Protein chains: 2
Amino acid sequence: MDGGINNPGVVAFIDALLDGRLRLGQTVKQDELCELLEMSLSPLRESLTLLEAEGLIQVRKRMGVAIFYPDVRFVGSTFQFREFLEAEGLRRFVPRVTDEWVQSTAEAHLEIIEYVRQVNDQRIFAKPVKALEQAFHGAFIGAFDNEQITANYQRLMQKMYLLRLINLDAVNAVNTIQSMREHLQVLDALKERNVDGAVDALQRHVRGVLHRTLTR
Amino acid sequence: MDGGINNPGVVAFIDALLDGRLRLGQTVKQDELCELLEMSLSPLRESLTLLEAEGLIQVRKRMGVAIFYPDVRFVGSTFQFREFLEAEGLRRFVPRVTDEWVQSTAEAHLEIIEYVRQVNDQRIFAKPVKALEQAFHGAFIGAFDNEQITANYQRLMQKMYLLRLINLDAVNAVNTIQSMREHLQVLDALKERNVDGAVDALQRHVRGVLHRTLTR
DNA sequence: GCGGCGCAATAAATATATTTAATGCGCCTA
DNA sequence: TAGGCGCATTAAATATATTTATTGCGCCGC
């Protein structure tokens, strides 16, 4: 079960948004989407139901496909849900975390901070940073050992990456390094098996991401 | 945003399962599903992607549509997720609950217990019981005031009703009355604004439902 | 001149036809 | 007789054609 996250049409749609071929808030005809995503109408429409269920589009008779534009409520509920899932996942992760994991994850963070500082180009550091973020946050969610929670979380994170489109300026080296430093604070508390401290640090991090997402 | 819960094809599919026209674990051809659900192939396939994303079916080349049969892991993860969401919703609900709500909800429970005892026929009491359950549990989830959590919860509950199909004998008057009594214990704690007591009672209830779902 | 009704245009929704792919059976060969 | 290759069958996947529905514009009537 992948929660529909790997549906080819959904992936193509998200990619088109991320690389600017589609814009948040835009309305496009189904025919235009077919061309843009290089797929035929039938498989496209099968994906549109998924995107609509996720709240990412609305299919409107005669009007076409209206791509969502995240309002304050949407951003808020996405972050609230994320914080809630990760915080509880983290609580469950603490008793099973190993010193080795904390150690190697912390080292990976120190290395990537240096890497981001040096290349200083979002197009280059984006990919390794994303991989590290997924390993970091994914570890907490994995502690639920619950495929349905994992599927929901992956859909949430897909939305999180779309929310960055609101304010692309914020996706820069300074903010990325700040994020990695916040991760390190979680790791510091994890090293001591300090549950409440780790959860506090995680909440500060998620709220930091929210703030940086919305602040110009 | 309704999370795809109201998609006509999805509704028709769930209804077909609930009234026995389809069975858990069965594999059916898409053509057969078209006939059974009285819809054409195109809209059916648009719904199949939703059902597959929910883990309720697998569409297999050449084989047809394989309807899931809930294994222990699936049941466990569904109940775990539900308990987790409701417990946290309940915590947030306590500070805003009114005496009037507790009072009227408790009365509704006492009335329905008497009603179930008298009619003693699942086909008759199922509907009002379901409405009361939704009002009761929905109040907790509503306390999040988060449309994405609400959408996820509704999908979870849709699955919960399907899980009853594993053991239809368990859907009887005795078990229903037991469920309503467990609700009343939550309400007792709520009346005192006893957060931990209410959460404990809710967890006992969810675990009771799980036990009754699996026990013959 | 203003208001309403109807028609035409457009695009979504659905039904159908075609293509693709997978499986199993049978035949041929070693 | 056994093993493998190929063809035929079946059903999913996709592409296309048709139908339905909505919107806007224009014409007619009041």
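Each chain gets a letter, A, B and so on, in the order its sequence line appears, and its residues count up from 1. The structure presented is a predicted model; accordingly, all values stated were derived computationally and were not measured.
When rounded to the nearest whole Å, the span between CG of B/Leu48 and P of D/dA11 equals 16 Å.
Looking at residues two or more places apart in sequence or on another chain, you find a ring-ring contact (aromatic ring centres under 6.0 Å, His included) between A/Phe144 and B/Phe84. By the side chain to side chain donor-acceptor pair (under 3.5 Å) test, A/Asn152 pairs with A/Arg155, sequence neighbours left out. Listed by chain and residue number, B/His109, B/Phe140, B/His183 satisfy the ring-ring contact (aromatic ring centres under 6.0 Å, His included) test with B/Phe136 (two or more places apart in sequence, or in another chain). Residues passing the ring-ring contact (aromatic ring centres under 6.0 Å, His included) test with B/Phe13, sequence neighbours excluded: none.
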Each nucleotide N or O in nucleotides 6-8 of chain D that has a protein N or O under 3.5 Å away: list the pair and distance.
none

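Note on residues 25-73 of chain B: pairs passing ring pair (Phe, Tyr, Trp, His ring centres under 6.0 Å), not counting sequence neighbours, are B/Phe68-B/Phe74. Screening residues 30-51 of chain A for side-chain hydrogen bond (donor to acceptor under 3.5 Å, both in side chains), with sequence neighbours left out, gives A/Asn7-A/Ser47, A/Gln30-A/Arg45, A/Arg45-B/Glu46, A/Glu46-B/Arg45, A/Thr49-B/Thr49. Residue pairs that meet the side-chain hydrogen bond (donor to acceptor under 3.5 Å, both in side chains) test with at least one member in residues 8-20 of chain A, sequence neighbours left out, are A/Asp19-A/Arg21.
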Quiz item: What is the per-nucleotide protein-contact pattern of nucleotides 12-18 of chain D, from the 5' end, where B denotes a base atom under 4.0 Å from a protein heavy atom, S denotes such proximity for sugar-phosphate atoms only, and - denotes neither?
Solution: SSBBB--
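Judged by distance alone, the side chain of B/Glu52 and the main-chain N or O of B/Val59 form a donor-acceptor pair under 3.5 Å.
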